[in-house]
Amino acid sequence: MHTNDPTPESPDSPEIQEIDAQQQLLADFEQLKAAVAQMQEERLRERAELDNQRKRLVRDVEMARKFANERLLGDLLPVFDSLDAGLSAAGSEASPLRDGLDLTFKQLLKVAADNGLQLIDPVGQPFNPDQHQAISRQDGSDAAPDTVVQVFQKGYLLNERLLRPALVVVAGA
């Protein structure tokens, strides 16, 4: 008996070895593709982290520059208060001493303003708890309720950030 069927190939035949080699190459190729994709993802993540770090550093440097003189200007607030009290005590009559004191105060305020300091003098304005500290309430005044009727101590902002709140008296109902 003779059949025309080809005999089964042995496991060591060249065709089977070639198929095994192709499958191995295909598996290696898929592994390499996955490794490349992972490396690209890591590279993008690291690049994004570096970009975020750079932005954070720029923001930190800007904040440091913006508020570098905060301590100096904060230490000058009692000087502003003293000059303001001196001007109030000098009255409204013109005199060389009062004029000199007024000029000195204005120059000091201009230098401070050039460095980001802003005066808060809220007389007649609505009470703002973010910038004002109420120390008393005055009932029966002619002012609208919850408006500032008197300022005991002026407040200051440094580059839009509160340095010291204004101490105020608020009108009652």
Side-chain angles (χ1 to χ4, degrees), residues 34-173:
V36 166
Q38 183 180 0
M39 291 174 96
Q40 284 177 332
E41 186 178 317
E42 287 175 9
R43 182 183 63 86
L44 287 174
R45 192 174 297 121
E46 287 174 0
R47 187 176 183 143
E49 179 61 31
L50 283 173
D51 192 43
N52 288 340
Q53 194 174 29
R54 182 188 56 79
K55 288 177 184 175
R56 205 171 23 253
L57 183 62
V58 166
R59 186 177 57 241
D60 290 348
V61 166
E62 177 63 24
M63 290 300 284
R65 184 196 61 76
K66 200 173 185 181
F67 296 104
N69 54 7
E70 180 176 12
R71 183 168 180 224
L72 173 66
L73 290 171
D75 290 345
L76 284 175
L77 295 183
V79 176
F80 294 137
D81 294 339
S82 295
L83 284 171
D84 196 29
L87 283 169
S88 295
S92 59
E93 294 180 27
S95 73
L97 181 61
R98 187 188 193 304
D99 293 344
L101 192 61
D102 189 40
L103 184 60
T104 301
F105 187 51
K106 286 179 181 175
Q107 286 175 334
L108 188 59
L109 282 176
K110 183 186 179 326
V111 169
D114 290 346
N115 285 281
L117 194 70
Q118 182 182 358
L119 179 68
I120 302 173
D121 190 6
V123 173
Q125 297 176 3
F127 177 72
N128 178 355
D130 294 331
Q131 296 183 354
H132 312 147
Q133 183 176 346
I135 57 172
S136 179
R137 187 169 201 81
Q138 183 178 10
D139 293 328
S141 70
D142 295 337
D146 293 327
T147 58
V148 176
V149 292
Q150 186 179 0
V151 176
F152 279 109
Q153 186 179 54
K154 294 176 183 170
Y156 293 91
L157 296 172
L158 178 59
N159 294 316
E160 304 301 319
R161 185 167 74 180
L162 187 66
L163 189 59
R164 182 178 81 185
L167 300 180
V168 299
V169 175
V170 180

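Throughout, numbering of the chain's residues begins at 1 and tracks the sequence.
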What's the verdict on salt bridge (Lys or Arg N to Asp or Glu O under 4.0 Å) for Lys110 and Asp114, showing C-alpha distance, side-chain angles and the deciding distance?
CA-CA 6 Å; Lys110 183 186 179 326; Asp114 290 346; 2.9 Å; yes
On a heavy-atom basis, which atom in [X] and which in [Y] lie closest, and how many Å separate them?
X	Y	answer
Leu87	Leu101	N-CD2, 3.7 Å
Arg98	Ser92	NE-CA, 3.9 Å
Ala144	Ala171	O-CB, 3.4 Å
Val168	Pro122	CG1-CG, 3.8 Å
Thr147	Ala143	OG1-CB, 3.5 Å
Val170	Asp146	CG1-CA, 3.6 Å

Under 30°, 30 to 60°, or over 60°: which ring-plane class applies to Phe80 and Phe105, parallel, tilted or perpendicular?
perpendicular
List the steps, then state whether side chain to side chain contact (heavy atoms under 4.5 Å, CB included) holds for Leu103 with Gln107.
CA-CA 6 Å; Leu103 184 60; Gln107 286 175 334; 4.3 Å; yes
Stepwise salt bridge (Lys or Arg N to Asp or Glu O under 4.0 Å) check, Lys106 with Asp102:
CA-CA 6 Å; Lys106 286 179 181 175; Asp102 189 40; 3.3 Å; yes
Decide if atom CD of Glu62 counts as having more than 12 heavy atoms of other residues, nucleotides or ligands within a radius under 6.0 Å.
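Atom CD in Glu62 is crowded, with more than 12 foreign heavy atoms closer than 6.0 Å.
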Could you please spell out the steps behind the salt bridge (Lys or Arg N to Asp or Glu O under 4.0 Å) verdict for Glu49 and Arg45?
CA-CA 6 Å; Glu49 179 61 31; Arg45 192 174 297 121; over 6 Å; no
Using 0.5 Å steps for rounding, measure from the [atom1] atom of [X] to the [atom2] atom of [Y].
X	Y	atom1	atom2	answer
Asn52	Leu57	CG	CG	12.5 Å
Leu108	Leu76	CG	CG	6.0 Å
Arg71	Asp75	CZ	CG	5.5 Å
Leu163	Arg161	CG	CZ	8.5 Å
Gln40	Arg47	CD	CZ	12.5 Å

Member of Gln118, Arg164, Glu70, Lys66 meeting the side chain to side chain contact (heavy atoms under 4.5 Å, CB included) criterion with Leu158
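By the side chain to side chain contact (heavy atoms under 4.5 Å, CB included) criterion, Leu158 pairs with just one of Gln118, Arg164, Glu70, Lys66: Glu70.
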Which residue is it: Ile120, Asp121, Leu117, Leu162? I am looking for the one with a side chain to side chain contact (heavy atoms under 4.5 Å, CB included) to Tyr156.
Leu117
Check step by step if side chain to side chain contact (heavy atoms under 4.5 Å, CB included) holds for Arg56 and Gln53.
CA-CA 5 Å; Arg56 205 171 23 253; Gln53 194 174 29; 3.9 Å; yes
